[in-house]
J.: 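Here you go, one structure.
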Protein chains: 2
Amino acid sequence: MSKRVTSFDVAALAGVSQSAVSRVFSGASASKDTADKVRRAATKLGYRPNVLARSLITGRSRIIGLVVAYLGNPFYPDALERFSRMLQAEGYHTLVFTLAEGATDADADRVIQQMLDHQVDGIVLASVGLGDALARRCDTAGIPVVLFNRGQEGSGLAQVTSANREGGRKVAEFLVAGGHERIGHVSGWQGSSTGRDRTRGFLDELEALGHAVVGVEDGRYDHAAAIDATQRLVDAGVDALFVGNDHMAFAVLDHLRSELGLSVPGDVSVVGYDDVPMASFAGYDLTTVRQPVGRMVKTTVAALIEQIEDKTAQAGIIEIDGPLILRGSARIPEGLR
Amino acid sequence: MSKRVTSFDVAALAGVSQSAVSRVFSGASASKDTADKVRRAATKLGYRPNVLARSLITGRSRIIGLVVAYLGNPFYPDALERFSRMLQAEGYHTLVFTLAEGATDADADRVIQQMLDHQVDGIVLASVGLGDALARRCDTAGIPVVLFNRGQEGSGLAQVTSANREGGRKVAEFLVAGGHERIGHVSGWQGSSTGRDRTRGFLDELEALGHAVVGVEDGRYDHAAAIDATQRLVDAGVDALFVGNDHMAFAVLDHLRSELGLSVPGDVSVVGYDDVPMASFAGYDLTTVRQPVGRMVKTTVAALIEQIEDKTAQAGIIEIDGPLILRGSARIPEGLR
DNA sequence: CCGAGTCTTGCATAGGTGTGCAACGAACGC
DNA sequence: GCGTTCGTTGCACACCTATGCAAGACTCGG
């Protein structure tokens, strides 16, 4: 390993000052002539600017902290992959932090501190399960934050979600149009805004259509809890279930078919939320509301970068609408066939 | 936002020199007395050492580059989550790079350069799909590298995989014991060591038991390719299939049941490889060889850190054995019930 | 031909830490 | 009491780049 080549080495070979080299590589103004000389010398020596030194002085690391709780729900790996790719394209990099669901405030503080230590330029909080405290602390630290797939009322933080209430509404409309009479709901975690919003949109629309809900059980975005909830709703005699996300819906389908021997959608229709890749597998073939991950990620990145580059940028609340994807797990109304 | 507090501020308040502060926080020797004074002043001011400055001077960033190709196969998100958590526990952080499967050497170089720019202390290459060129370049750059779930013959690089040949062998033994007569194989990508090794172990054992294979088709770890392969093997009349990983096995199961109307394991037994969480879902209930992700990740991290801390450490090849998990997708021999 | 204005360039310094070196004091053996 | 050794501390510098400032080069209109 040879010694690391610095901007001074390049300057010496090119016959200019170190500042000239710096200016060429940081995009500042420089004459065509010197720029050429510098570039030639740089490639000859294999020079690359030292990111650490650069960050140290500019105070900008071009690193984004991505906090995520649980990658078992395939929606998040998908998002993570897109975040990494998109940030890479924008010249940023992704430092991943995992924070278990049951994390205490002390854990959250530790993660925040570590992100501060690395001087991340911005933070994406990508998990419903992450407590409000974390978001507040990020914001207090003066670092741009965007909540991804997660809202927080009145926090003033930027947030990008799908149109959860509208999505819930669509499902209600669809199930009623399908002629279902005893509709139940395995909700997403009611401690999260996504869970609450989907539930509210669903229930509001049911009411507007003159239908009562047979029962609402909190599945807490958890496999086992969803199965318990399903059991209770089946006991109550449902003929349709709206499940708060696909991850739970798979558990629900398995339980209905394998444990209870019920036919889907013959005995019970099931509708999920997310449209993760697996939802289209023939084994599940799940009717579900699509969260347009690509657009959500793109929007999140754009919002974050805007905040980074212009500290006065207003933090907005952005909802992205997604369609209901019709598949085989729920009876389809005549008019839509 | 107040100004950032530096070691000089702490030194002034504690009545010592800046070097004393540095020594206290970097674990060098210092008297109990000064250490106390420094710590008190530090907490009072809320001081934390600047990681960038520290990395700049020591040349160690305490950041690990994790290169991953495709998170659609749920084995990798699982591994990623564990890597992040485990590295965090060891005081390292995870910078994620995605490299599409069809990435060119130029793409690979770009990623390498970016990792070098950030002075990562080590690199984990966690994807079968990543070309050999990338691994070589990482190594040439003089940065510790460990291949995760991916081998490379004669490269001299450290690598951690499961015992793929032994795994393939177990499957052959199991299927033969189950009385299957027409055994086929949808292989993992034959361009990867994992794919080749599983296939080789499987075929060697079949031969040793006096069985011929009906057919071997390369599924290339790809959904669509696996379905094509399955179709050809079904046409050839198989009564059992060993599929190169779970991700493909799900596609195979769906195709067999939904498209071809076959019963599993009545008409065809299916065995996968990985034991991703989804394999235990009732909808698939897949018999499969477990890759012990937890131990694989732990081993990888340990090997990497050893290389980082002792540059002369020998890079070894480590294989971790995993059991065959018996579920409902393959006929179980009498003796094992 | 001159003055004003614009672009370019080098000098010097900042950014915050780790560490070699030398000095210093204390402890200790004789 | 003196020489030696060892642990502690401060000084100064290194790490590598970006940038304010001032001076120089250059353009252009009158």
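Just so you know, these numbers use all the heavy atoms, side chains as well, and skip hydrogens, waters and symmetry mates. Chain identifiers are assigned alphabetically (A, B, ...) following the order of the sequence lines, protein sequences preceding nucleic acid strands; residue numbering begins at 1 within each chain.
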J.: Identify whether any heavy atom of T34(A) sits under 4.0 Å from a base atom; if not, whether one sits that close to sugar-phosphate; answer base, sugar-phosphate or nothing.
T.: sugar-phosphate

J.: On DNA chain C, does the nearest nucleotide to F8(A) precede the nearest nucleotide to K32(A) from the 5' side, or the other way round? Give the residue.
T.: K32(A)

J.: As a test of reading the structure: which of dG10(D), dG18(C), dC11(C) is closest to the side chain of S17(A), going by heavy atoms?
T.: dC11(C)

J.: Taking the side chain of L56(A) as its heavy atoms from C-beta onward, which of dG16(C), dG10(C), dA18(D) lies nearest to it?
T.: dG16(C)

J.: For I57(A) and dG15(C), give me the distance from atom CD1 to atom C1', rounded to whole Å.
T.: 6 Å

J.: Check the distance between dA14(D)'s P and N50(A)'s CG and give it to me in whole angstrom.
T.: 17 Å

J.: Please list, for nucleotides 20-25 of chain C, all pairs of protein and nucleotide N/O atoms separated by less than 3.5 Å.
T.:
none

J.: Just by modelled atom types, is the R62(A) backbone N or O under 3.5 Å from a matching donor or acceptor in the D121(A) side chain?
T.: yes

J.: How many Å lie between CZ on R54(B) and C1' on dG16(C), as a whole number?
T.: 11 Å

J.: Please give, in whole Å, the distance from dT17(C) P to H118(A) NE2?
T.: 14 Å

J.: Under 4.0 Å, counting only non-hydrogen atoms across every strand here, what does V16(B) touch: a base, just sugar-phosphate, or nothing?
T.: sugar-phosphate

J.: Checking salt bridge (charged side-chain N to carboxylate O under 4.0 Å, His left out) for the pair D107(A)/R110(A): CA distance, chi angles, key distance, verdict?
T.: CA-CA 5 Å; D107(A) 293 331; R110(A) 216 172 18 76; 3.5 Å; yes

J.: Please give, in whole Å, the distance from dT19(C) P to R60(B) CZ?
T.: 10 Å

J.: How long is the line joining CD of Q119(A) and C1' of dT17(C), in whole Å?
T.: 12 Å

J.: Taking the ring of Y70(A) and the ring of Y221(A), is the distance between their centroids below 6.0 Å?
T.: no

J.: Look at the side chain of A53(A) and decide which nucleotide, out of dT17(C), dC16(D), dA18(D), has an atom nearest to it.
T.: dC16(D)

J.: Between atom CG in L45(B) and atom P in dG16(C), what is the gap in whole Å?
T.: 14 Å

J.: Mind checking whether Y92(B) and V301(B) have side chains closer than 4.5 Å, heavy atoms only?
T.: no

J.: Using whole Å, report how far CG of L52(A) lies from C1' of dG18(C).
T.: 14 Å

J.: So, OP1 or OP2 of dC16(D): does either fall under 4.0 Å of a side-chain N or O from T6(A)?
T.: no

J.: Nearest to the side chain of Q18(B), which nucleotide is it out of dC16(D), dT19(C), dC11(C)?
T.: dT19(C)

J.: Taking the six-membered ring for Trp, are F83(B) and F148(B) parallel (under 30°), tilted (30 to 60°) or perpendicular (over 60°)?
T.: perpendicular

J.: Hey, what bend do you get for the helix from dC1(C)-dG30(D) to dC30(C)-dG1(D) if you fit axes on five pairs at each end, rounded to 10°?
T.: 30°

J.: Is the backbone N or O of T6(B) less than 3.5 Å from a side-chain atom of D9(B), with the two atoms forming a donor-acceptor pair by type?
T.: yes

J.: Looking at every strand, decide which applies to S31(A) at a 4.0 Å heavy-atom threshold: base, sugar-phosphate, or nothing.
T.: sugar-phosphate

J.: Does any N or O in the side chain of S162(B) come within less than 3.5 Å of the main-chain N or O of Q291(B), such that one atom is a donor and the other an acceptor?
T.: no

J.: Please check this pair: side chain of T98(A) against backbone of A69(A), looking for a donor-acceptor N/O pair closer than 3.5 Å.
T.: no

J.: Would you say S84(B)'s side chain and L80(B)'s backbone share a donor-acceptor pair under 3.5 angstrom?
T.: no

J.: Give, for atom CZ of R82(B) and atom OG1 of T300(B), the distance between the pair rounded to the nearest 0.5 Å.
T.: 12.0 Å

